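Just the heavy atoms: all of them, side chains too, but no hydrogens, waters or symmetry mates, feed the values below. Just so you know, these numbers come straight off a predicted model, no measurement behind them. Every chain is numbered from 1 and lettered A, B, ... according to where its sequence line falls, protein lines coming before strand lines.
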Amino acid sequence: MHHLLDRLNPEQLAAVKHTEGPLLIMAGAGSGKTRVLTCRIAYLLDQGVAPYRILAITFTNKAAAEMRERVNQMVGAQAKDIWLSTFHAFCAKFLRMEIENLPGYKRNFVIYDSGDSQSVIKSCLKELNLDDKMFAPNATQSAISNAKNLLLDVRDFARQADNFHAEKVGEVYKLYQQKLEAYNALDFDDLLMLTVQLLQQNQTVREKYQNKFQYIMVDEYQDTNRAQYLLIRILAEKHHNLCVVGDADQSIYGWRGADIRNILDFESDYPQAKSIKLEQNYRSTQVILDAANAVIEHNADRKPKSLWTDNQAGETISCYKAQNEQDEAHFIADTMTKLNMVYRRPFGSMAVLYRTNAQSRALETAFNYTGIPYTIVGGVKFYDRKEIRDIMAYLRVIFNPEDTVGLLRIINVPRRGIGDTTIGRLMAYAAENNVPLFDAVSNPDLVPGLKTKAKQELESLAALIFTLLGKAGTLPVKDLINLTMKESGYLAELEKEDTPQAESRIENLKELLTVAKQYVTEGIEDNLENFLSHVALVADIDTAELAEDRATLMTLHSAKGLEFPIVFLTGLEEGIFPHTRTLMNEEELAEERRLCYVGLTRAQQKLYLTYTEERTLYGNTVRFRPSPFLTEIPPNLMDAVTVTGQKASSFGQPARKIMAAPTGTVHSFNAIHSSGIVNSSSAVHSSGAVEWRTGDKAQHPKWGIGTVIQVRGIGENQEVHIAFPNNGVKTLSVKFAPLTKV
DNA sequence: GACGGTATTGTTTTT
DNA sequence: CAATACCGTC
């Protein structure tokens, strides 16, 4: 045990040993907070605390799994009894045991993802005859979601509605909630809201869990919302041994209801709280940290904090200005190839980060062309694929036949001749008699107006579901999936199709079987209930295999908590990052800046920043200015890089050289862009400033004509090094120096 | 009731 | 430029 603690610095050690009473750990990026948390758990166990009395909440399943693995290495098998999961997974586990204490819900509830929930919202809007211009499904859905995150139930919401629109949304909320209850389904937000409501209302249950959890730890505390905050507060009320870890500068989920005040106010919430700052960074070079610190300092109202490191200064940051997104992607692909071939850096050490998922498209194209192996995290999610959703819908209906969204999804998949008319009649019958849709499906004789063929089909569908349902209790999940695919005729229909697309769908279904198999080995009981919860709550980032030798592409949000030796931060344009929607609002802009801070601090050794002059945005070409964040980075930390070499040939591999060498940068005098288009020797910024490139001739009133030999920074913050034949090399700031291009 | 065509619509980030 | 929604035809 003690040798584990030996490797901690004094602050880390203090955080590990302060086990009694509230503790706030302000942990800067890369300051070893995961190590602190895992050591803290091991320390508690070593002190004789029972594992099941420890509750640790992380932000992603991946982080939970990683932490469990590390604790496991330290303390062995007892690690498995620690309550270690995400908020949502914790609530799901809790509600599986306790939900029947709430009226209306049953323990075999299903969890609806945002797609499912949106389809319920749509049907509510239709039923209430609301104009979908004024009540966009998306906006309505997020209004309801926000309400739930603030723990406003249907009643509270109606009470605080002070205008027509809000009142109507309140009606949608009410109907939506009624439907979910009728379907015995919970959406993501319900998991949290109902957990808190149950704990608040039911003293017996509350005390049971308050007593149980003697030590509570919450990671990424800056990203907790109101519901999560209250959940933790209630659970910690008895023992007060609450340790929260976070970094206000990395709060990036405000749009999802996260309230940064939860961490800022921790000391006033818990006056006896001890607080510890972890400011030594073990991850990044000094250059990278200086850049990150400089950017985040532009945020107002922030508790001063400054990361430092013993690491080397490291390489300067390279900044590439691209013509368009294809050019940007090619620069990245070529640079990666060079890093891999010349400097022997594995692709697995590189990550490309972007603000929006849509930006991955151009990158993917370039990577496929260049042959760089990559994994995309997020985007088109595995579980969002049609065939996966279809089979999952079957499983859900088997688990809970009242799941009407699932039932509607599969009622005519594969095609069995049950069309809109029949469905309409079934729905009408169900509504009139106030029974689940499944009752109508399984008793078609009672439903008026059905044709004989429809009745037959419905009966055989019901029989299929009953058969599978009967076996669900005993069969391993993978066998159940197999049976479902066969007996439903789903697989047969795909096989009959005999197209490449159908082929790849079959492949995906096989992948689902693999998931169901691997899931068993994870030591959780192999039943449908666990599998459904697992699938509903697992994000792509959790399953992505980042260890392989593949470059990783993902959004900045997904990158949180990860680190890579080499990071490309792309699309640094005003309107992309920061995103247009945030430009008008100071608080949202500050969140974008924190996101930038998160992105910069992912890099361990080398950082590349890229931006483009123009970009195709749904159909048309848009011009952007460079991101303001770029000018917030001190120019002496950053070099402008260019791509040089021959024009790409139309056939075979493009013959190009990258001059963005990791150390010491040399620029060609004939800059040619990788798109093969000759770049004009100077480009004018939208802001009006002259953009300098290495090799440009510059005239200065005092020193005469010289040659630009180095460029650092971007925009008006540029610094240029110019060699004047009679006066030597001068470093000049573009903003102030009276320079003209010649 | 199925299918294929055209119109329309919309893009931030995710448990 | 998608992806989806809706509509008209078979």
Please pick, from [options], the nucleotide with the shortest atom-to-atom distance to any side-chain atom of [X].
X      : options                : answer
A/N357 : B/dT15, B/dT13, B/dA2  : B/dT13
A/Y618 : C/dA2, B/dT15, B/dG10  : B/dG10
A/R415 : B/dA2, B/dT13, B/dT15  : B/dA2
A/H557 : B/dT13, C/dC1, B/dC3   : B/dT13
A/S558 : B/dT11, B/dT14, B/dT15 : B/dT14
A/Y253 : B/dT14, B/dT11, B/dA2  : B/dT14

Any Lys/Arg nitrogen of A/E127 or A/K179 sitting under 4.0 Å from an Asp/Glu carboxylate oxygen of the other? yes
Residues A/E573, A/R625: salt bridge by 4.0 Å N-O rule: no
Do the two ring centres, one from [X] and one from [Y], sit under 6.0 Å apart?
X      : Y      : answer
A/Y490 : A/Y394 : no
A/H298 : A/F629 : no
A/F109 : A/Y183 : no

Answer with base, sugar-phosphate or nothing: what part of the nucleic acid does [X] contact at a heavy-atom distance below 4.0 Å?
X      : answer
A/D113 : nothing
A/N412 : sugar-phosphate
A/K122 : sugar-phosphate
A/T422 : sugar-phosphate

With the six-membered base ring of B/dT13 as reference, does the ring of A/W255 sit under 5.5 Å away with planes under 30° apart? yes
What is the distance, rounded to the nearest whole Å, between atom [atom1] of [X] and atom [atom2] of [N]?
X      : N      : atom1 : atom2 : result
A/N225 : B/dT14 : CG    : P     : 17 Å
A/N620 : C/dC1  : CG    : P     : 10 Å
A/R256 : B/dT15 : CZ    : C1'   : 5 Å
A/N138 : C/dT4  : CG    : P     : 13 Å
A/K126 : C/dA5  : NZ    : P     : 10 Å
A/D116 : B/dT15 : CG    : P     : 15 Å
A/I376 : B/dT13 : CD1   : P     : 13 Å
A/E591 : B/dT13 : CD    : C1'   : 9 Å

What class does the angle between the rings of A/W255 and A/H557 fall in, given that below 30° is parallel, 30 to 60° is tilted and above 60° is perpendicular? perpendicular
When the C1' atoms of C/dT4 and B/dT13 are considered, how many whole Å apart are they? 22 Å
Closest to the 5' end of DNA chain B, once A/K451 and A/T582 are matched to their nearest nucleotides, is A/K451
Between A/I418 and A/G619, which is nearer to the 5' end of DNA chain B once each is assigned its nearest nucleotide? A/I418
For a quick test of reading the model: is some side-chain N or O of A/T555 closer than 4.0 Å to OP1 or OP2 of B/dT14? yes
